[in-house]
Amino acid sequence: MIFWAIFAGVLSLANCETSCEKCLDSGKHWCADVKMCAFSPCLTVIKKSLNCPTLPDKSHAYDDGFVREKVFLTTCAAFRDDPQKCFDNKMSTMRVSSTFSVNCSAIGPQSNCFAFTAFDVTQKVLVLTFRGTEGAIQMTDEILDFFGGKKSLGAAGNIFGYFYDAFFFVWNGGLQQEMRKLKYMYGDFELWITGHSLGGSMASIAASHLVQIGLFKPENIKLVTLGQPRTGDYAYATWHDATFPYSFRVVHHRDPVPHIPPMEGKDELFHHRTEVWYNNNMTVGSSYKLCAEADGLYCSSRNLDAEPNDHMTYFDVQNMQDYGLAGCV
Ligand SMILES: *[C@@H]1O[C@H](CO)[C@@H](O)[C@H](O)[C@H]1NC(C)=O
Ligand SMILES: *[C@H]1O[C@@H](CO)[C@H](O)[C@@H](O)[C@@H]1NC(C)=O
């Protein structure tokens, strides 16, 4: 009796007096399985405060149907120079406003990045979507090594240099004027910012930049990326997570791209929230895991063996590029 009273007392003391953040501040690890500080042995050890377990609040919940039906369509449409065909086939109220194809390689050979904007007066939605560089995966080890280093996004932290340059080439190549025009015309619309692969990194940077310059409010933005590589450093992830209430990074099974550039490399990159991991073939009705850690070891990072084909196969479409080029049918 006395033993159990004391035991329960100790447990409740540990629970009320320590949060994950406070525990890490004191130099110890947080054990997420039992929600206790310094508990050992522990399966889910948390050592970075951004990985303290947190999920989006209910009003910004992940919706598989929305991402599968709408966001996925916008990212596939970006594989076409004429994205309107995809909307004509699948979302007839959406009108493409502008497309941008800009050489986005600072040092040759020429490599173009593609983005488009669209508006939908029925859904009251604006869309900004990035394709990334031509050719499925340009993020080879050589490019990552060659374009190492980070560039500052001011108070928002630091961005991997190659992604930073890619975004600002497009921004300065006309996207800036376009976003100001859309804001002027449809200022009260919700803004979906989307992209796949490198395009996912550019989407993340675009959302940050649009908020930083005061053009769009974070609460009006839905940022959803597919197979996004690590984009910025820990400071960027911290700012991002404090700024955007609605931000999801969808990861398919063993897609290798979300695991590069490496977290521990010289650039010390770190993912922002919230990873949605489909550890399956993503057919309709598939389960998914919302990751409580920003960039922890317990969701897609658990898979050490990569499957490159998973990068082009999202939501049960075998090859997003072919599907997009065919008009999303
Ligand atoms: C996807 O996975 C489910 C569950 O494992 C399986 O029943 C289904 O046949 C798979 N579909 C395809 C297209 O591989
Ligand atoms: C893109 O094209 C290559 C090859 O022509 C050049 O070497 C780059 O300097 C160019 N980049 C930009 C930003 O113009």
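Atoms within each ligand, like the ligands themselves, are counted from 1 in listed order. Given the structure is predicted, the values throughout are model-derived calculations rather than measurements.
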Once you find the SG atom in Cys76 and the one in Cys86, is the distance between them below 2.5 Å?
-> no

Mind checking what makes side-chain hydrogen bond (donor to acceptor under 3.5 Å, both in side chains) contact with Ser59, not counting sequence neighbours?
-> Asp57

Partners passing side-chain hydrogen bond (donor to acceptor under 3.5 Å, both in side chains) against Asp64 (at least two apart in sequence or in another chain) | Arg68, Tyr278

For His253, which residues count as a side-chain hydrogen bond (donor to acceptor under 3.5 Å, both in side chains) partner, sequence neighbours excluded?
-> Asn279

For Cys37 and Cys23, is the interatomic SG distance under 2.5 angstrom?
-> yes

Close-range residues for ligand 1, whose non-hydrogen atoms fall below the 4.0 Å threshold = Asn281, Thr283

Asp310 bridged to Arg254 by N-O distance under 4.0 Å = no

